[in-house]
Amino acid sequence: MSTALSVNLNKIALIRNSREGNYPDVIAHARTCIEHGANGITVHPRPDQRHIRTGDVRELSSLLLPLGDLEFNVEGNPFAPPRGSYPGFISLVEEVRPDQCTLVPDSDNQLTSDHGFDLTRSADQVAPIIEHLKSLGIRVSLFMDPIEEQIRLAKEVGADRIELYTGPYAAAWGTQQQEEVFQQHYRAAELAMELGLGLNAGHDLNLKNLAMYATIPGLLEVSIGHALTVDAIAMGLGNAVEAYKKILTSA
């Protein structure tokens with residue numbers, strides 16, 4: 001079975017939010033992704049609702065969850081509190097009950113997610129959240145760096161999967177550090193398999209660097225948004241989704 005493609009729609013929502021109204025329509029774009037082979041949809045609702053809004057999460061849940069074979073992945077900071085119409089991250093996840101919840105240690109002042117959990121500091125706070133979400137039937141993934149100690153702790157706190165942060169891999173692409181960083185991720189993947197953790201990956205993967213990364217052992221899912229949206233400007237959204245799927249299928 002090839003690695004699943006989950007399309008992150010944050011950038012579609014960001015474009016929409018630059019004007020009044022609902023253009024582009026996030027839900028319509030989700031349907032296009034599905035029609036062209038995406039295995040799921042990812043969103044990352046932040047408290048400032050700079051892109052994906054609470055209403056988008058609810059509408060996508062209504063679209064995706066009845067379909068059964070498509071995954072809805074909601075990611076975000078488990079400690080994000082309520083703010084205005086944003087009910088708080090965990091409250092929102094409790095309401096929509098996605099197939100997967102990816103916990104990410106980000107904050108409002110970050111441009112984007114840029115590091116994994118340090119579970120040597122946060123394990124005691126993260127573990128009960130994982131337990132609670134799993135009790136609701138939600139698969140839980142933790143956004144992690146390819147560090148052995150941290151991956152072992154992810155297993156100890158009860159995560160079902162980890163999502164390896166691939167930003168440094170993308171940054172090293174085409175440089176002398178490319179192979180070294182790739183091997184870090186390769187070893188992290190092998191450890192995850194050894195521990196019985198499912199493996200996801202995401203951040204700055206694109207049409208150039210994805211084929212190599214897709215050879216990582218045990219890679220179940222990649223979440224791609226920014227690059228795919230940029231490619232869609234030139235190729236069209238459906239064609240872009242198909243291009244990424246072709247790479248994953250070939251790998």
Side-chain angles (χ1 to χ4, degrees), residues 1-17 22-46 49-78 80 85-104 113 132-143 160-161 163 198-203 205 219-229 232 236-245 248-249:
M1 179 179 290
S2 63
T3 302
L5 171 65
S6 186
V7 177
N8 188 315
L9 295 177
N10 283 13
K11 289 299 165 65
I12 301 298
L14 182 67
I15 296 170
R16 176 201 60 193
N17 294 355
N22 188 40
Y23 185 75
D25 185 328
V26 170
I27 308 305
H29 280 69
R31 289 194 180 98
T32 298
C33 292
I34 293 164
E35 290 167 0
H36 288 268
N39 304 104
I41 298 295
T42 290
V43 291
H44 188 144
R46 288 180 166 87
Q49 301 192 75
R50 70 181 82 157
H51 34 61
I52 288 294
R53 297 168 177 163
T54 301
D56 299 323
V57 179
R58 292 174 176 138
E59 288 190 62
L60 287 166
S61 176
S62 297
L63 171 68
L64 295 167
L65 295 186
L67 298 178
D69 59 341
L70 293 169
E71 180 195 84
F72 186 31
N73 175 46
V74 179
E75 59 182 27
N77 183 351
S85 62
Y86 180 82
F89 182 75
I90 295 300
S91 293
L92 182 58
V93 171
E94 289 172 334
E95 177 188 342
V96 301
R97 301 201 181 188
D99 302 289
Q100 178 173 268
C101 179
T102 301
L103 304 182
V104 182
S113 305
H132 172 60
L133 294 176
K134 290 172 68 172
S135 75
L136 299 177
I138 301 169
R139 183 173 70 239
V140 181
S141 179
L142 294 182
F143 196 64
D160 299 300
R161 295 187 184 185
E163 178 179 329
L199 182 68
N200 300 338
H203 206 91
L205 294 173
L219 184 61
L220 298 174
E221 173 186 306
V222 292
S223 175
I224 303 178
H226 180 83
L228 194 152
T229 305
L237 181 57
N239 290 333
V241 171
E242 290 176 6
Y244 280 87
K245 281 289 295 181
L248 294 172
T249 302

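Positions are given from 1, in the same order as the sequence printed here.
- Closest heavy-atom contact between Ser223 and Asn8: OG-CB, 4.1 Å.
- Checked by atom type, the side-chain pair Glu163/His203 shows no donor-acceptor distance below 3.5 Å.
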For side-chain contact (heavy atoms from CB on, under 4.5 Å), just list the numbers for Asn10 and Thr229, CA-CA rounded to whole Å, side-chain angles, deciding distance to a tenth of an Å, and then say yes or no.
-> CA-CA 9 Å; Asn10 283 13; Thr229 305; over 6 Å; no
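- Checked against Phe72 for a side-chain contact (heavy atoms from CB on, under 4.5 Å), the options Ser61, Cys101, Ser6 give a single hit: Ser61.
- Here OG1 of Thr32 is found 10.0 Å from CG of Leu9. Values are rounded to the nearest 0.5 Å.
- With values rounded to the nearest 0.5 angstrom, Arg50 atom CZ is found 8.0 Å from His44 atom NE2.
- Taking a 6.0 Å sphere around NE2 of His132, one finds it holds more than 12 heavy atoms contributed by other residues, nucleotides or ligands.
- For the residue pair Cys33 and Val241, the shortest heavy atom distance occurs at O-CG1, 3.8 Å.
- A 4.5 Å side-chain heavy-atom check between Thr54 and Gln49 finds at least one atom pair inside the cut-off.
- With a 4.5 Å cut-off on side-chain heavy atoms, Asn77 and Phe89 do not count as touching.
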For Ile90 and Glu94, what are the C-alpha separation, side-chain angles and deciding distance, and is it a side-chain contact (heavy atoms from CB on, under 4.5 Å)?
-> CA-CA 6 Å; Ile90 295 300; Glu94 289 172 334; 3.8 Å; yes
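- We find the CD-CZ distance between Gln100 and Arg161 to be 5.5 Å, quoted to the nearest 0.5 Å.
- Note that OG1 of Thr3 and NZ of Lys245 are 9.0 Å apart. Values are rounded to the nearest 0.5 Å.
- In this structure Glu95 satisfies the side chain to side chain donor-acceptor pair (under 3.5 Å) test together with Arg58, sequence neighbours excluded.
- The two residues Gly202 and Phe143 come nearest to each other via the heavy atoms O-CE1, 4.0 Å.
- When side chains are defined from C-beta on, Thr42 counts as touching Glu75, because their heavy atoms get closer than 4.5 Å.
- Between Thr102 and Glu221, every side-chain heavy-atom pair lies at or beyond the 4.5 Å cut-off.
- With contacts defined as side-chain heavy-atom distances shorter than 4.5 Å, the pair Val7/Leu228 qualifies.
- The distance from atom CG of Asp160 to atom NZ of Lys134, rounded to the nearest 0.5 Å, is 4.5 Å.
- Across all their heavy atoms, Leu237 and Ala232 have their closest contact at CA-CB, 3.7 Å.
- Annotation for Arg16 and His51: closest pair NH2-O, 3.3 Å, computed over non-hydrogen atoms.
- You'll find the side chain of Leu219 stays beyond 4.5 Å of the side chain of Leu248, heavy atoms only.
- Checking side-chain atoms of Asn17 against main-chain N and O of Leu14 turns up no donor-acceptor pair under 3.5 Å.
- By the side chain to side chain donor-acceptor pair (under 3.5 Å) test, Asn239 pairs with no residue at all, sequence neighbours left out.
- Taking NZ from Lys11 and CD1 from Ile52, the interatomic distance works out to 11.5 Å, rounded to the nearest 0.5 Å.
- Listed by chain and number, the residues in a side chain to side chain donor-acceptor pair (under 3.5 Å) with Asp99 amount to none (sequence neighbours excluded).
- With a 4.5 Å cut-off on side-chain heavy atoms, Asp69 and Asn39 do not count as touching.
- Contact annotation: the side chain of Ile41 never approaches that of Asn73 to less than 4.5 Å [non-hydrogen atoms, C-beta and beyond].
- The minimum heavy-atom distance linking Leu133 with Leu103 is given by the pair CD1-CD2, 4.1 Å.
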